[in-house]
Student: 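First, the structure itself, so that you have it in front of you.
What you see below is based on every heavy atom in this structure, not just the backbone, and it leaves out hydrogens, waters and symmetry mates. Here is the naming used below: chain letters follow the sequence lines, and residue numbers restart at 1 for every chain.
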Number of protein chains: 2
Amino acid sequence: MPVTIKDVAKLAGVSPATVSMVLNGKGKVSEETQKKVEEAAQKLGYRPNIVARSLVKGKTNTILLCAFIKEQEKLSAFYGELINHLLAAISREGYYLQIVVKGEFFNGHPLDKREALLNIARNRLFEGLIILSHWPIHYSEVSDLVKENFPFVIVNQRVEGEGVSYVDIDHYGGAKEAVKYLIEKGHRHIAHLRGPREHRHAEDRYKAYVDTLLDFGIPLKKEYVVEGNFRRISGREAMEKLLQVSPLPTAIFAANDKMAIGALQVAKERGIKVHDDINIIGFDGIEAVKYTEPPLPTVEQPLGELGKVAAELLAERIRGGEEKGIVLPCKLIGRRCLVK
Amino acid sequence: MPVTIKDVAKLAGVSPATVSMVLNGKGKVSEETQKKVEEAAQKLGYRPNIVARSLVKGKTNTILLCAFIKEQEKLSAFYGELINHLLAAISREGYYLQIVVKGEFFNGHPLDKREALLNIARNRLFEGLIILSHWPIHYSEVSDLVKENFPFVIVNQRVEGEGVSYVDIDHYGGAKEAVKYLIEKGHRHIAHLRGPREHRHAEDRYKAYVDTLLDFGIPLKKEYVVEGNFRRISGREAMEKLLQVSPLPTAIFAANDKMAIGALQVAKERGIKVHDDINIIGFDGIEAVKYTEPPLPTVEQPLGELGKVAAELLAERIRGGEEKGIVLPCKLIGRRCLVK
DNA sequence: ATTATTAATTGAAACGATTTAATAAGCTTG
DNA sequence: CAAGCTTATTAAATCGTTTCAATTAATAAT
């Protein structure tokens, strides 16, 4: 039997209304009663029931992070940094964070994101929603939220449309910088280990590769593009393939670090000197690339920033502000690894 | 203006009570009214207000992960894996997860964990609590929770006492295995890069180092133990010191992977062949050690398991079950890196 | 001394659901 | 046909707060 406001009121000899006012510092209460109430509350160890308060106030101060993940994917690395910053920013704005992960399927059939999101918006438990997705989101899946005027932000996907705030990472720009850097270093035979076709960001990186070559008038060579699935092993396999191609590429731009590491391993096994004989650049900014031999340069994703901005955008929307789309730049790091 | 149960009742021409019964499948309702209600609910897009429901039911189905973190520490790597599994297990049990991070300080003065926890228990927003801490927790800080009979689990710390469930990792055992392995490989000059003294787990690993040497009758040499702060740089510094000692150690057991990597780097710079001239073993199981040159063996912490077990223990307590303390074993991985 | 003003306190409604006990209607049954 | 049983439905209480309007008491103004 938890202590309620009535218990405090009774002990202090006042009405519940007065107790509420004292504890929330509202209205006019004489110092005398204030003291009485505070003592009573202290004595009983009273803490307000947040649920009851939320009901009457119509505010829960809680926002939900809803992560859409395909079964096989692990959020681990991505999660940590993102959540860390999200949490920090969110609580700075005075909100609590709840997290839920939704898979590709629900009760056997494909998850209906639209339905799931509408549910969240209408159950009135959350004041805002952060949608994190590793695969594309269509406007129609969130249009209900817009109609309901429910504040939300999409993280890690670009979704243009009325009422949609999103924060994404500029994979295209990051990739472009990497390829450009290689070209400016004098490379003309640049290969690309690309990611899966259905992966939006992999596509962006690939496009950047193609466009940058064109920008510099370097002919695109089909054999220089090999598709992998983002795992180290597939980086190895891709590298094996590349080593059949003639002329051998002098540089490789890998669509992610894991594959870059795989490629690196194969190169070393074959006695190819990275970065003397062949330059390799990855993408993501995972910690491991700093410790490979040699270390690999990479395009670092601002995951922390992603979380921080998401929180800010959402807070803005909750306050009734405008929707906004933000694309964060990546940073090519570890350049000096290549210079030697 | 959200749709309430009254709106549905009105449209369906019945009482709110009936609507509630239909939607929750309770009580006896004629098929005819059932249909009417369902149609009305469908038409209006009604979703129950979870807050109101929670209030009357006295259940929120939400549990809180409260992470106590010192400012400078990053949860990132640790977080990801842990939360992933925690989330999976928690939702399997039918609960939602909310997360809050508490620093070392609160409003200027040191955080009163006892107060903070009591607050959580009494605000009736959560049905259970998972306490994650990177520094020791004293029984007195959670005894209130026990008194209140509030279900909770401590993760990553061992706290013995009436009413306390915890799940921790066997750092002592893991470290012992590592050192033992080195000894059995023939090493007699084994150094230890230990972690900070105030860090409970660092202490465990250190103790295991000492005990294991003793077990095998190997004299403990003071100069072979160097203290670091778990960061790579301090691993480098420690290694520099170790290289002054004579005879040079033939093996190093580092209290964590980052320091092990630092030591590795220095060794390589000095032309010392890891693992020919000197064996290095780390602790933690971060990804990077797989990709160093050479890869380093390490003692892997079962972080996923930690989350999974925490959820199970908590669910058990919520059900009214017994408290239980579980210590998960670590695993020495990458042995083959040493064999060559 | 009466009225107006201010200050302190409280009763009661409201938030949106669930649930219990009561009611009404329809059937049996003796 | 009255009494007893079911069955379907609902009125009203409840959960624990907050808040608004009303009340009371005390003080100032006329």
Student: Can you measure B:Glu31 atom CD to D:dA8 atom P for me and round it to whole angstrom units?
Tutor: 10 Å
Student: Could you tell me the separation between the CE atom of A:Met21 and the P atom of D:dT19, rounded to a whole number of Å?
Tutor: 9 Å
Student: On DNA chain D, check which nucleotide each of B:Ala52 and A:Ala17 is closest to and give me the residue with the more 5' one.
Tutor: B:Ala52
Student: Should A:Tyr46 be listed as having a side-chain N or O under 4.0 Å from OP1 or OP2 of D:dG16?
Tutor: no
Student: Contact class for A:Thr4 vs. all strands (heavy atom < 4.0 Å): base, sugar-phosphate, or nothing?
Tutor: sugar-phosphate
Student: Name the nucleic acid region contacted by B:Ser30, choosing base, sugar-phosphate or nothing; use a 4.0 angstrom heavy-atom cut-off, strictly under.
Tutor: sugar-phosphate
Student: Counting only side-chain nitrogens and oxygens, does A:Thr18 get under 4.0 Å of the OP1 or OP2 atom of C:dT9?
Tutor: no
Student: When we call it a touch if two heavy atoms are under 4.0 Å apart, what does A:Lys26 touch: a base, just sugar-phosphate, or nothing?
Tutor: sugar-phosphate
Student: Would you call A:Glu316-A:Arg319 a salt bridge at under 4.0 Å N-O?
Tutor: yes
Student: Can you tell me if B:Asn119 and A:Arg47 form a side-chain donor-acceptor pair at under 3.5 Å?
Tutor: yes
Student: Hey, does the side chain of A:Asn49 come within less than 4.0 Å of D:dC15's phosphate (OP1/OP2), counting only N and O?
Tutor: no
Student: Assign A:Val14 to base, sugar-phosphate, or nothing according to its heavy-atom contacts below 4.0 angstrom with the strands shown.
Tutor: sugar-phosphate
Student: Contact class for A:Ser20 vs. all strands (heavy atom < 4.0 Å): base, sugar-phosphate, or nothing?
Tutor: base
Student: Tell me the interatomic distance from A:Lys28, atom NZ, to D:dA26, atom P, rounded to whole angstroms.
Tutor: 18 Å
Student: Tell me the interatomic distance from A:Ile5, atom CD1, to C:dG11, atom C1', rounded to whole angstroms.
Tutor: 14 Å
Student: C:dT19 C1' sits how many Å from B:Lys57 NZ, rounded?
Tutor: 10 Å
Student: In whole angstrom, give the distance that lies between atom CZ of A:Arg53 and atom P of C:dA14.
Tutor: 22 Å
Student: Can any side-chain N or O of B:Arg122 pair as donor or acceptor with the backbone N or O of B:Glu148 at less than 3.5 Å?
Tutor: no
Student: Are A:Glu160 and A:Tyr166 linked by a side-chain donor-acceptor pair shorter than 3.5 Å?
Tutor: yes
Student: 5'-most contact on DNA chain D: B:Gly27 or B:Val56, nearest heavy atom basis?
Tutor: B:Gly27
Student: Look at atom OH of A:Tyr96 and say whether more than 12 heavy atoms of other residues, nucleotides or ligands are closer to it than 6.0 Å.
Tutor: no
Student: For B:Thr33, which contact category applies under a 4.0 Å heavy-atom criterion: base, sugar-phosphate, or nothing?
Tutor: sugar-phosphate
Student: Tell me whether the OP1 or OP2 atom of C:dT9 has a side-chain N or O from A:Ser15 closer than 4.0 Å.
Tutor: no
Student: A:Glu32 has an atom CD; how far is it from atom P of C:dT9, in whole Å?
Tutor: 8 Å
Student: Starting at atom NZ of A:Lys59, determine the distance to atom C1' of D:dT17, rounded to an integer number of angstrom.
Tutor: 16 Å
